[in-house]
Amino acid sequence: MTSPVASNGHLEPVDTLYSRDVFSPAVMRQRLPKDVYKRLLRTIDRGESLDPGVADIVAAAMKDWAIENGATHYTHWFQPLTGSTAEKHDSLITPDGQGGVILNFSGSDLVQGEPDASSFPSGGLRATFEARGYTAWDATSPAFLHRIPNAVTLVIPTGFVSWTGEALDTKIPLLRSVEALSHQALRILRIFGTDTGVGRVYTTVGPEQEYFLIDRELFWKRPDLVVTGRTLFGAKPPKGQQLEDHYFGSIPQRVLACMAEVERELWALGVPVKTRHNEVAPAQYEIAPIFEVSQLGSDHQMLTMEVLRRVAPRHGLAAILHEKPFAGVNGSGKHNNWSMSTDAGHNLLDPQDDTHTNMQFLVFLVSVIRAVDLHAELLRGCIASAANDHRLGANEAPPAIISVFLGDMLQDILDQVEKGQLKRTLKGGTIDLGARTLPTLPRHSGDRNRTSPFAFTGNKFEFRAVGSSASIAFPNTVLNTIVAESLDYVATELEKAVGKSPTPARVQAAALALLKKLVKQHKRVLFGGDGYSQAWHEEAEKRGLPHLRDTVDSLKALTAAKHAALFKKYGVLSKQEYDSRITVAYEKYNKELTIEAETMITIGRTQILPAVLRHQTLLAQAVESTEAAGVKCGETSAALGEFVNLVSRFQEALAALEKAVAHGDDDFAKHAAWIRDKVKPAMSTLRSYADALETQVAADLWPLPTYRQMLFLK
């Protein structure tokens, strides 16, 4: 990484900034006895059980390091089913029993905490009166320091579990899913004889984060943005993104200053952010990291969102992470770049040069394709939310139909596999730009497809459908689990075919025969065309691919018994844990849209209606005074009549939404269907009238900042 520039304008060495606030392996190596350091690394790198004796020594070293850096408190940082993070701070200061205090932090303090488990979403796993829950130290994700003016806190990443032992968070299932995939992937490596020196297989992620930045004063004047994260009203401005001039454009100075500070804070926390740029919509931007192991990448993604929200106000900005904060322009996603890698550093999804000869890669590739085809409902369901419903399939994001894009080279190889003969790997060649001063560029062997929800992009798959405000933990848990199941199937079939004494030739022949069968069975999920087109929707239906258009349909599909059985089989989620996630998702959908509807009603009655009535009064007074002067004003009088009619329809729509949102149902699924079928259409109707009124009401009377102001005030 290039050395960042310090505030004084001089280059600052990376080692004084990057991971400065992280209890990293480098810090541990300096502060821990050699044998303790090695034992802890075996837990981190190999998944060995943590020695309690090691915990006490690590805790003492961690405490000293934190105190030297100004820490006064510590917290177990966890990720409950809210989709956010949670923490409870405890002081490092303990009374010594003699009127003084000591600084104390034991191994038990490090390893286990006890937050209240009844006040977080549990989907029925915990009742209100059943309060006990535990946090457990995740040694694979390093502790770090959270700094604010006058306070430094030692933050310890943990899992969150109930007193009954059931996971109440997103991290524990993710860690379990990595273990499940590792076990099955190692079976494949053993068949090919490439497992030498390999102890584990990890999944890696590099999530790209899209977000909006708008002026903070305007943000606070929009109750809908403050309460729900998106604008519930707002007329389309004359200019949006149609000129395509914002994408990759020059970054506004205030925004760039904010980005730079965000990066500095993230570097200090060990988050390897690398890329920043303008996105497609005005006021939309992106930050992207280098890939990391899944659980660490997931933790760092939560930190990225937190730091964006925390730093933006220092620059007079507000960071908006909602999937669709502004109608009429692109929403925001979080592209989840996913792969598999051994602990020896070998990317199992790297095709290498002569891909058609790399049978092991093809086995892993086709295993992923099989997983996506068989478990498309799970992939669609794991990214379903009220917010993401605004994006998926809306000609700006991947469609709700899950398909796989491979590119020309891999598609050609799979066509060869289906015929049973592997002869060639397509080469991309070069591009001559026609000017001697410009270099000749190497061309990839295939194009990219931004309309694909699950696209192969060189040495990884990009799951593009994840929402911008969502945690990536559950989508990666699903990915890991379905691929583990597919690798299990493939390994079992190959083990049967090659017997107890496999030879390289026998393995190659068995693998090709199996791949030929799998490609024929699952090629329906492969698609390289325009995922936005109606033609693809029709084609996907012919192929029998599921098309779950919204969250309600997606959650209903997740209730099929086969999905719970899959997670139970691989030890990722018990049936009770799995069912609880569906219940929580229904609850969140219902609550979020109810909050949105009630916010619309409040804004409509207390801000928009008074404004339009003032405008109506001014129009009426103008007509009355003009005609009293003996001057006819037919056009103004007609405009008044049309305006009064529009106001009446707005009021009727307000009443209709109030009636729709008042409906309740103890059945979460039925209530969700009601909200989708009745409440959301009523919200849409109310907005249409409000947005029409905005275009007619005097600018000095309209109570809300407009899209033109929010999107273009830099």
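Counting heavy atoms from C-beta outward, Tyr285 and Arg276 have side chains that stay 4.5 Å or more apart. Side-chain contact between Thr75 and His146: absent, with no pair of heavy atoms (C-beta onward) separated by less than 4.5 Å. Using a 4.5 Å cut-off on side-chain heavy atoms (C-beta onward), Asn336 and Ile383 make no contact. The shortest side-chain heavy-atom distance between Leu348 and Leu189 falls under the 4.5 Å cut-off. Pro207 has its side chain out of reach of Val466: every pair of non-hydrogen atoms, C-beta onward, lies at least 4.5 Å apart. Within the 4.5 Å cutoff, side-chain heavy atoms of Glu114 are placed close to those of Tyr134. Side chains of Leu378 and Leu566 form a contact here, defined as non-hydrogen atoms less than 4.5 Å apart. No side-chain heavy atom of Phe291 sits under 4.5 Å from any side-chain heavy atom of Asn337.
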| request: Would you please test His375 and Glu485 for side-chain hydrogen bond (donor to acceptor under 3.5 Å, both in side chains) and show each step? | output: CA-CA 10 Å; His375 305 288; Glu485 183 278 331; 3.2 Å; yes

| task | Run the numbers on Asp64 and Arg31 for salt bridge (charged side-chain N to carboxylate O under 4.0 Å, His left out), then give the verdict. | result | CA-CA 9 Å; Asp64 292 343; Arg31 291 177 173 267; 5.6 Å; no

| query | Can Ile57 and Leu32 be said to form a side-chain contact (heavy atoms from CB on, under 4.5 Å), step by step? | reply | CA-CA 7 Å; Ile57 299 172; Leu32 295 175; 4.2 Å; yes

| said: Between Thr158 and His76, is the side-chain hydrogen bond (donor to acceptor under 3.5 Å, both in side chains) condition met? List the steps. | reply: CA-CA 6 Å; Thr158 62; His76 277 200; 4.7 Å; no

| request: List the steps and the verdict of side-chain contact (heavy atoms from CB on, under 4.5 Å) for Phe463 and Val478. | output: CA-CA 12 Å; Phe463 189 21; Val478 169; over 6 Å; no

| request: Show your working on side-chain contact (heavy atoms from CB on, under 4.5 Å) between Gln209 and Leu321 and close with a plain yes or no. | output: CA-CA 9 Å; Gln209 175 72 59; Leu321 300 175; 3.8 Å; yes

| Test side-chain hydrogen bond (donor to acceptor under 3.5 Å, both in side chains) applied to Thr164 and Ser162, step by step | CA-CA 5 Å; Thr164 57; Ser162 78; 2.5 Å; yes

| Where do Val307 and Arg310 land on the side-chain contact (heavy atoms from CB on, under 4.5 Å) test, with the steps shown first? | CA-CA 5 Å; Val307 170; Arg310 187 170 69 233; 3.5 Å; yes

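The minimum heavy-atom distance between Ser554 and Gly381, with the atom names listed, is CB-CA, 4.1 Å. What you find for Val490 and Ser367 is that their closest heavy atoms are CG2-OG, 3.4 Å. In this structure, Ala143 and Met62 approach most closely via the heavy-atom pair CB-SD, 3.9 Å. Nearest heavy atoms, Leu555 versus Ala585: CD2-CB, 3.7 Å. Taking each heavy atom of Val311 and Cys258 in turn, the nearest pair found is CG1-O, 4.0 Å. For the pair Gly467 and Arg391, the tightest heavy-atom approach, listed with the atom from each and the gap, is CA-NH1, 4.2 Å.
With Thr135 contributing its side chain and Gly113 its backbone, the two residues share a donor-acceptor pair below 3.5 Å. Side-chain atoms of Asp343 come within 3.5 Å of backbone N or O of Gly199 as a donor-acceptor pair. Arg176 places a side-chain N or O within 3.5 Å of a backbone atom of Val572 that can act as its donor or acceptor partner. The backbone N or O of Ala484 sits nowhere less than 3.5 Å from a side-chain atom of Asp488 that would complete a donor-acceptor pair. Between the Asn459 side chain and the Asn347 main chain, no donor and acceptor come within less than 3.5 Å of each other. Within the 3.5 Å criterion, the main-chain N or O of Leu174 finds a donor-acceptor partner in the side chain of Ser177. Listed for the Ser580 side chain is a donor-acceptor partner under 3.5 Å among the backbone atoms of Glu577. When atom types are taken as modelled, the side chain of Thr153 and the backbone of Val155 share no donor-acceptor pair closer than 3.5 angstrom. Between the side chain of Asp56 and the main chain of Gly107, a donor-acceptor pair closer than 3.5 Å is present. Side-chain atoms of Thr304 come within 3.5 Å of backbone atoms of His300 as a donor-acceptor pair (strictly under, hydrogens ignored).
Two rings, from Phe364 and Phe192, have their centers 6.0 Å or more apart. Phe78 and Phe160 have their aromatic ring centers within a separation under 6.0 angstrom.
Only one option out of Val368, Ile188, Leu186 pairs with Leu487 in a side-chain contact (heavy atoms from CB on, under 4.5 Å); it is Ile188.
Side-chain N/O atoms of Gln79 and Asp299 include a donor and acceptor closer than 3.5 Å. For the residue pair Thr203 / Ser294, a side-chain donor-acceptor distance below 3.5 Å is found, with atom types taken as modelled. Asp109 and Ser106 share a donor-acceptor pair across their side chains, judged by distance under 3.5 Å alone. Looking only at atom types and distance, the side chain of Arg147 has a donor-acceptor partner in the side chain of Asn69 under 3.5 Å away. Counting only N and O atoms by type, the side chains of Ser385 and Glu323 include no donor and acceptor under 3.5 Å apart.
Between Glu462 atom CD and Thr457 atom OG1 the span is 5.5 Å, to the nearest 0.5 Å. The distance from atom CG of Asn388 to atom OG of Ser468, rounded to the nearest 0.5 Å, is 7.5 Å. Separating the OH atom in Tyr74 from the NZ atom in Lys63 is a distance of 12.0 Å, to the nearest 0.5 Å. In this structure, CD1 in Ile290 is found 12.5 Å from OG1 in Thr204, a value given to the nearest 0.5 Å. Rounding to the nearest 0.5 angstrom, the gap separating the CZ atom in Phe120 from the OG atom in Ser84 is 9.5 Å. Here the straight-line distance linking atom NZ of Lys334 with atom OG of Ser469 works out to 7.0 Å at 0.5 Å rounding.
The aromatic rings of Phe144 and Trp77 sit perpendicular, their planes meeting at an angle over 60°, well past the 30° parallel limit. Between Tyr578 and His563, the ring planes lie tilted relative to each other; the angle falls in the 30° to 60° range. Aromatic ring pairs are classed by plane angle as parallel below 30°, tilted from 30° to 60° and perpendicular above 60°; the pair Phe454 and Phe461 is parallel.
For Tyr37, the side chain to side chain donor-acceptor pair (under 3.5 Å) partners at least two apart in sequence or on another chain are Arg29.
Under the salt bridge (Lys or Arg N to Asp or Glu O under 4.0 Å) criterion, the residue pairs touching residues 194-204 are Glu179-Arg200, with sequence neighbours excluded.
When the shell of 6.0 Å around CG of Asp35 is examined, it contains more than 12 heavy atoms from other residues, nucleotides or ligands.
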